[in-house]
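To start, the structure itself, in structure tokens.
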Amino acid sequence: MPELPEVEVVRRGLAQWVVGRQLAAAEVLHPRAIRRHLPGADEFAERLKGRALLSAERRGKYLWLPLSGDEEALMAHLGMSGQLLIVEPDSPLEKHLRVRMRFEDGGPDLRFVDQRTFGHVMLSSLVGGVPEPISHIAPDPFEEAFDEAEFARRLKAKRTEIKRALLDQSLISGVGNIYADEALWIAKLHWARPTWTLTRPKITELLTAVRTVMAAALQQGGTSFDSLYVNVNGESGYFDRSLEAYGRRDLPCSRCGTPIRREVFMNRSSYSCPRCQRPPR
DNA sequence: CAATACACCTGTCAGC
DNA sequence: TGCTGACAGGTGTATT
């Protein structure tokens, strides 16, 4: 479940179902799932044993659960197809189960399931409350720490296109391919618009669009085109019905009726309205 | 330094 | 029916 709204849906599920509980055992079923945990699977499992999960935190698309004891956390990134599921301990093992965590209370497992294995989990120290491996990730636009003036300054200093900048997690985190296209559609900006030509008011408008579309998506439980994108209980979100650009090739723009076009940019799809979002000269 | 191309995976679907 | 190629919500690393 990848972009910010979908990850936030998962964070809320974790806060409800695993925070406050004590881990009994962790089992790594696929080494690739912990490839960023350099000490390896045995150390990962040993270090988790007996630790309590204190809270559920998120920055952009990264999740972490601070642990009792030392200043460290269980961190997760869902990649393209990762899921964190809460399931009864006796329920059948999922086909793509990568890491299984069991609890002292005998209650539901926390399972990391990931078809494509682009996601990962690891243990990491906390630096200023944030996992050390994501110190290079910028705050997301819902955080107190997000500095709009700083974002605007860095954006204008770039020599690249606006969509590439929106997807740059070191500039602003949490935005992915769907919500980048949706926010650009709302702000009537073409994906190729050079960052340095944007005025400060237009940048503010774009940021408002990013926050608006992500907040709306969160209210609908996120965007789910298929069963890969589900909350901790396996349920889909409904925001796909509200998308204005993404995935709507040849369908009429809701503002002007012009068919939405699909173009390839950065080796992935970009959807936009040819009339509302004029390409730069 | 900054910007870009590519690799990393499994699965589904359209077209032949 | 296969088979092939395109495509899928992301990001770390290597290369310019």
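Chain A is the first sequence line, chain B the second, and so forth, proteins listed ahead of strands; every chain is numbered from 1.
- Taking a 4.5 Å side-chain heavy-atom cut-off between Ile, Leu, Val, Met, Phe, Trp and Tyr, the cluster of A/Val127 contains only that residue.
- For the pair A/Phe118 and B/dC8, the ring geometry qualifies as stacking, because the centroid separation is below 5.5 Å while the planes lie within an angle under 30°.
- Note on A/Gln169: a side-chain N or O is less than 4.0 Å away from OP1 or OP2 of C/dT11.
- At whole-Å resolution of the value, CZ in A/Arg249 and C1' in C/dC7 are 10 Å apart.
- A 3.5 Å limit on both hydrogen-bonding distances identifies C/dT13 as the Watson-Crick or G-U partner of B/dA5.
- Distance CZ (A/Arg116) to P (C/dG12): 16 Å, rounded to an integer number of Å.
- The interatomic distance linking A/Leu167 (CG) with B/dC6 (P) rounds to 18 Å, in whole Å.
- Across all strands shown, A/His120 has no heavy atoms under 4.0 Å from either base or sugar-phosphate atoms.
- A/Asp114 comes within 4.0 angstrom of no nucleic acid atom, judged by non-hydrogen atoms across all strands.
- For B/dG11, one of the phosphate oxygens OP1 or OP2 lies less than 4.0 angstrom from a side-chain nitrogen or oxygen of A/His96.
- In this structure, the CG atom of A/Leu38 is 13 Å from the P atom of C/dG12, given to the nearest Å.
- When heavy atoms are screened at a 4.0 angstrom cut-off, A/Arg98 is found touching no nucleic acid atom at all.
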Write down the protein N/O and nucleotide N/O pairs, taken from nucleotides 3-5 of chain B, whose separation is under 3.5 Å; answer none if there are no such pairs.
residue: B/dA3; atom: OP1; partner: A/Arg159; partner atom: N; Å: 2.9
residue: B/dA3; atom: OP2; partner: A/Lys158; partner atom: NZ; Å: 2.9
residue: B/dT4; atom: OP2; partner: A/Thr160; partner atom: OG1; Å: 2.9
residue: B/dT4; atom: OP2; partner: A/Arg164; partner atom: NE; Å: 3.0

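- Here A/Arg268 reaches the OP1 or OP2 of C/dG10: one of its side-chain N or O atoms lies under 4.0 Å away.
- One finds no side-chain N or O of A/Lys95 lying less than 4.0 angstrom from the OP1 or OP2 phosphate oxygen of B/dT10.
- Stacking of A/Arg58 on the aromatic ring of A/Trp64 is not recorded, the 6.0 Å distance cut-off and the 45° axial limit not both being met.
- Among the heavy atoms of the strands lying under 4.0 Å from A/Tyr62 are primed sugar atoms or P, OP1, OP2 only; no base atom is included.
- Atom CZ of A/Phe225 is separated from atom C1' of C/dC7 by 13 Å (rounded to the nearest Å).
- In terms of phosphate contacts, A/Arg35 brings no side-chain nitrogen or oxygen within less than 4.0 Å of OP1 or OP2 of C/dG12.
- Between A/Tyr179 and C/dG10 there is no side-chain N or O to OP1 or OP2 distance below 4.0 Å.
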